[in-house]
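Only one structure is covered here, and it is reproduced in the block below.
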Amino acid sequence: MAGYLLKNCAAVIVDEGKGPVVHRNVDLLTSGPEIVAIGENLAADALPAGTTVQDAAGWFVYPGLVNTHHHFFQCFVRNRADLDWTKLSVIEWLDRIYPIFSQLNEECFYHSSVTAMAEMIKHGCTTALDHQYNFPRHAGKRLIDRQFEAAELLGMRFHAGRGGNTLPKSEGSTIPDEMLETTDEFIADCARLIETYHDTSRFSMRQVVVAPCQPVNCYRETFVESVALARDRGVMMHTHVGEGESPVIQARHGMRTVDYLEELGFAGPDAFYAHCWELTHDELKKMAASGTGVAHCPEPVYLVGAEVTDIPAMAAFGLRVGLGCDGAASNDNSNLMHCLHSAYMLQCLVSSTRTHPVPPPADFLGYGTSGGASLLGRRDIGRLAPGMAADLFAIDTRRMDYVGTRHDPLSLIARVGIGMATDITMINGRIVWQKGEFPGLDEAKLAAEAEAALSAVKF
């Protein structure tokens with residue numbers, strides 16, 4: 001079985017289930033999809049047939065990052081200075097952006113997925129959840145099928161969040177009719193995708209998450225049926241919570257979003273919410289008690305101008321926390337590595353206003369790796385240790401960028417930031433990015449095809 005020996009790594013972030021520890025001057029051996037050994041002086045002359053020896057001198061080797069919230073399709077609506085968050089409320093902004101989203105076609109969804117995943121891989125992300133809630137009628141129902149196709153092309157470990165919107169604009173949503181589905185349509189396609197793609201085996205590359213877009217844009221029954229399906233099929237649940245909608249939910253249902261979803265059963269160890277910046281400490285404690293997780297997306301805070309998510313309180317209350325890029329609607333890049341740095345720096349910015357102290361920088365690396373794996377219900381990714389998936393990235397630190405930083409690999413990404421692509425990204429034991437290239441793929445061709453798909457849409 002093919003594998004790699006990363007020889008003479010300057011540092012490897014090892015976590016055998018008791019927290020990360022830096023191992024200096026060690027080798028890392030993979031076989032097929034898994035890590036089989038990490039240690040000093042692994043004998044190159046006693047390796048299994050088909051093992052490639054890679055000189056890793058100077059490399060810091062990290063567990064692959066796990067993205068827990070994104071909207072890939074929004075890569076085709078970015079760098080739009082006219083859609084200025086600073087002058088619009090969340091609801092006003094949604095009213096302007098959704099009509100643009102509704103014009104995308106099937107090819108746009110495929111090529112925007114390639115675009116987003118390629119950027120993530122370049123920056124160390126090895127597993128990604130996408131929350132794909134945009135199903136324009138003219139684009140058909142096979143949009144997530146095309147996303148799985150894109151993930152296979154690039155070698156990305158992919159969790160498809162099948163989203164949807166069911167409440168008409170006439171009843172208070174922000175959704176154009178072109179993007180609406182019925183609850184029955186939504187649930188039926190979730191079931192189809194689970195039956196077709198959901199793989200629960202060890203080192204699975206394909207899973208499905210039931211992910212109605214958000215309570216403010218869906219009927220109550222949509223969430224009730226989502227819970228029933230997810231629990232019946234044993235899959236995870238995901239939605240948007242605490243991003244400005246709580247007063248609307250309060251007016252409609254007599255309670256804020258966290259209580260509303262808990263009443264519906266959309267809470268627990270198999271559920272996680274994106275954002276959660278407007279939640280009270282009592283709501284966070286309620287989520288911690290139920291085991292519900294949070295996919296924190298730090299970079300939207302810059303554009304939305306809302307309060308900085310209270311990660312110190314979440315940590316103090318014991319919430320499970322992962323990180324997400326979010327879509328280009330509120331973050332114009334797909335660089336989860338950059339999000340680690342943003343997440344930490346934003347907490348430092350408001351630390352004097354918080355009840356609880358900012359977690360150490362190393363914890364933010366944890367949110368982006370093992371924390372994300374926990375949200376997705378995965379026990380085989382998010383850590384580097386024998387028996388875990390061979391998902392990793394490496395940075396060659398023999399550069400001026402890292403002088404004075406190399407004493408603390410655990411804090412480096414969150415505190416200092418990484419301003420370039422990785423030197424190598426490996427997913428499931430396969431090198432998918434190395435020396436500035438996607439092995440076996442022509443990046444210029446992929447980019448040209450994506451631009452052509454985008455230019456065919458008249459916004």
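Numbers for residues simply follow the sequence, beginning at 1.
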Positive for side chain to side chain contact (heavy atoms under 4.5 Å, CB included) with Met426, one of Ile35, Thr30, Leu28: Thr30
Check whether any side-chain heavy atom of [X] sits under 4.5 Å from a side-chain heavy atom of [Y], and report yes or no.
| X | Y | value |
| --- | --- | --- |
| Asn331 | Cys297 | no |
| Val208 | Cys190 | no |
| Thr127 | His159 | yes |
| Phe101 | His71 | no |
| Leu365 | Leu340 | yes |
| Gln132 | Ser113 | no |
| His356 | His281 | yes |
| Ser330 | Glu299 | no |

How far does [atom1] of [X] sit from [atom2] of [Y], to the nearest 0.5 angstrom?
| X | Y | atom1 | atom2 | value |
| --- | --- | --- | --- | --- |
| Asn217 | Glu245 | CG | CD | 10.0 Å |
| Leu346 | Thr309 | CG | OG1 | 8.5 Å |
| His407 | Leu412 | NE2 | CG | 9.5 Å |
| Asp27 | Gln54 | CG | CD | 12.0 Å |
| His131 | Thr68 | NE2 | OG1 | 12.0 Å |
| Ser290 | Leu319 | OG | CG | 8.0 Å |

Whether [X] and [Y] hold their rings parallel, tilted or perpendicular, with breakpoints at 30° and 60°:
| X | Y | result |
| --- | --- | --- |
| Phe109 | Phe73 | tilted |
| Tyr62 | Phe393 | parallel |
| Phe158 | Phe148 | perpendicular |

Pair Ile97, Arg80 - check side chain to side chain contact (heavy atoms under 4.5 Å, CB included), show working. CA-CA 10 Å; Ile97 198 74; Arg80 292 286 299 264; over 6 Å; no
Would the distance check show the side chain of [X] and the main-chain N or O of [Y] forming a donor-acceptor pair, the cut-off being under 3.5 Å?
| X | Y | result |
| --- | --- | --- |
| Arg162 | Ile144 | no |
| Ser342 | Cys339 | no |
| Asn67 | Cys325 | yes |
| Ser204 | Asp199 | yes |
| His198 | Gln207 | no |
| Thr425 | Trp433 | no |
| Thr239 | Cys213 | yes |
| Asp363 | Gly366 | no |
| Thr292 | Gly268 | yes |
| Arg157 | Phe203 | yes |

Taking atom types as modelled, find out whether Tyr273 and Thr257 have a side-chain donor-acceptor pair closer than 3.5 angstrom. no
What I want to check is whether the side chains of Asp282 and Thr280 have a donor and an acceptor closer together than 3.5 Å. no
Mark yes when over 12 heavy atoms from residues, nucleotides or ligands other than [X] sit less than 6.0 Å from its [atom1]; otherwise mark no.
| X | atom1 | result |
| --- | --- | --- |
| Arg399 | CZ | yes |
| Asn79 | CG | no |
| Glu149 | CD | yes |

Geometric cation-pi criterion Arg146 and Tyr110, 6.0 Å radius, 45° cone: yes
Lys285: which residues meet the salt bridge (Lys or Arg N to Asp or Glu O under 4.0 Å) condition with it, sequence neighbours left out? none
Arg378: partners by salt bridge (Lys or Arg N to Asp or Glu O under 4.0 Å), with sequence neighbours left out: Asp380
Step-by-step ring pair (Phe, Tyr, Trp, His ring centres under 6.0 Å) determination, His111 to Phe76: CA-CA 9 Å; His111 288 288; Phe76 274 15; 7.4 Å; no
Does the side chain to side chain contact (heavy atoms under 4.5 Å, CB included) test come out yes or no for Leu375 and Arg320, once each step is laid out? CA-CA 7 Å; Leu375 293 192; Arg320 294 181 301 126; 3.8 Å; yes
Identify whether the distance between the nearest side-chain nitrogen and carboxylate oxygen of [X] and [Y] falls below 4.0 Å.
| X | Y | result |
| --- | --- | --- |
| Asp55 | Lys7 | no |
| Lys122 | Glu119 | no |
| Arg192 | Asp145 | yes |

Show, in sequence, the C-alpha distance, side-chain angles and deciding distance for Phe364 and Val358, and conclude whether the side chain to side chain contact (heavy atoms under 4.5 Å, CB included) test is met. CA-CA 10 Å; Phe364 289 80; Val358 176; 4.3 Å; yes
Please assess Arg78 against Thr115 for the test side chain to side chain contact (heavy atoms under 4.5 Å, CB included), listing each intermediate value before the final yes or no. CA-CA 12 Å; Arg78 57 179 172 169; Thr115 300; 3.7 Å; yes
Below 6.0 angstrom between ring centroids: does that apply to Phe272 and His69? no
Residues Cys125 and Ile427: closest non-hydrogen pair is O-CD1, 4.3 Å
Measure across Val114 and Leu154 and return the closest heavy-atom pair with its distance rounded to 0.1 Å. O-CD1, 3.6 Å
